[in-house]
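Predicted, not measured: the structure shown is a model, and the values here were computed from it.
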Amino acid sequence: ALTNKTSCGRKSDYSFISFENPDISVFDGGEFSISWEEILWDSYSPYRDDVWLSLVNGGGIQAPVILTSSDDFNQFNHPRQTRLDGNLVLLSYVHNGEPAFITLDNSGSVVTPEISIPSGNAGHPQALQFGTEILLAWEQYSAGTHFYYALLDGSTYAVDLGPVELTNP
């Protein structure tokens with residue numbers, strides 16, 4: 001079981017759990033990680049999002065770990081994994097409307113704590129490593145959808161450039 005939850009509520013009551021945005025990465029030793037967004041719908045309030053990760057190795061599925069959690073509403077969403085050099089994974093997501101990320105090793109331990117990039121109203125961040133840099137791109141909702149990117153240092157994960165808006169003349 002992914003979350004060990006025995007009751008996911010009922011959609012007819014508008015109080016239920018849904019799992020969305022699954023993603024996967026494979027490590028050098030054959031282990032792989034699965035991440036997903038858990039959305040808790042509640043009939044009395046807006047929904048709440050959390051991001052989960054589970055590792056799978058020769059021993060089967062390891063216990064899932066909730067990477068982000070909040071009692072506030074609509075906090076963490078749109079998780080995406082990017083495999084990095086050094087047997088690491090960069091997990092990008094949106095936190096409080098800002099693109100954010102952490103890095104994890106093949107045991108699921110957080111190597112780099114959360115780094116967020118001030119942007120506002122962000123959605124669907126995605127990263128790509130090339131050479132010694134990482135490109136993180138996302139959409140931003142503000143009077144229409146705009147696209148932004150930032151270049152990160154591949155070893156410190158500091159923002160070297162950005163955020164920069166991609167424009168269409």
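- Closest heavy-atom contact between Pro99 and Ala122: CD-CB, 3.5 Å.
- No hydrogens or angles considered: nothing links the side chains of Thr145 and Glu139 as a donor-acceptor pair under 3.5 Å.
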Using the rule given for side-chain hydrogen bond (donor to acceptor under 3.5 Å, both in side chains), can you reason through Glu165 versus His146, listing the C-alpha separation, both sets of side-chain angles and the distance that settles it, and then say yes or no? CA-CA 7 Å; Glu165 182 177 7; His146 303 265; 2.8 Å; yes
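- Within the 4.5 Å cutoff, the side chain of Pro113 has no heavy atoms near those of the Ile102 side chain.
- Here Leu161 pairs with Tyr149, Leu151, Val164 under the side-chain contact (heavy atoms from CB on, under 4.5 Å) rule; sequence neighbours left out.
- Applying the side-chain contact (heavy atoms from CB on, under 4.5 Å) criterion to Thr132, with sequence neighbours excluded, gives no partner residue.
- The hydrophobic cluster containing Phe101, built from Ile/Leu/Val/Met/Phe/Trp/Tyr side-chain heavy atoms closer than 4.5 Å, also comprises Leu84, Leu88, Leu90, Val111, Ile115, Ile117, Ile134, Leu136, Trp138, Tyr148, Leu152, Tyr157, Val159.
- Every residue meeting the side-chain contact (heavy atoms from CB on, under 4.5 Å) condition with Asn87, not counting sequence neighbours, appears here in chain and number order: Phe27, Asp28, Arg83, Asn106.
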When you look at Leu91 and Leu104, which way does the side chain to side chain contact (heavy atoms under 4.5 Å, CB included) test go after all the steps? CA-CA 8 Å; Leu91 179 68; Leu104 303 113; 3.9 Å; yes
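- Looking at Ser119 and Glu98, their side chains never bring a donor and an acceptor atom within 3.5 Å of each other.
- The salt bridge (charged side-chain N to carboxylate O under 4.0 Å, His left out) check on Asp85 picks up nothing, with sequence neighbours excluded.
- Asp160 is listed as a side-chain neighbour of Glu133, based on a closest heavy-atom distance under 4.5 Å.
- Taken to the nearest 0.5 Å, the CD1 atom of Ile34 stands 10.0 Å off from the CG atom of Asp23.
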Under the side-chain hydrogen bond (donor to acceptor under 3.5 Å, both in side chains) rule, what do Ser33 and Gln81 come out as? Steps first, then yes or no, please. CA-CA 9 Å; Ser33 60; Gln81 295 185 54; 2.5 Å; yes
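- Listed by chain and number, the residues in a side-chain contact (heavy atoms from CB on, under 4.5 Å) with Ala100 are Tyr93, His95, Glu114, Ser116 (sequence neighbours excluded).
- With Ser92 as the partner, the side chain to side chain contact (heavy atoms under 4.5 Å, CB included) test is satisfied by one option alone out of Pro79, Pro125, Ser35: Pro125.
- What you find for His78 and Val94 is that their closest heavy atoms are ND1-CG2, 4.0 Å.
- Taking OG of Ser25 as the reference point, atom CZ of Arg80 lies at 10.0 Å (rounded to 0.5 Å).
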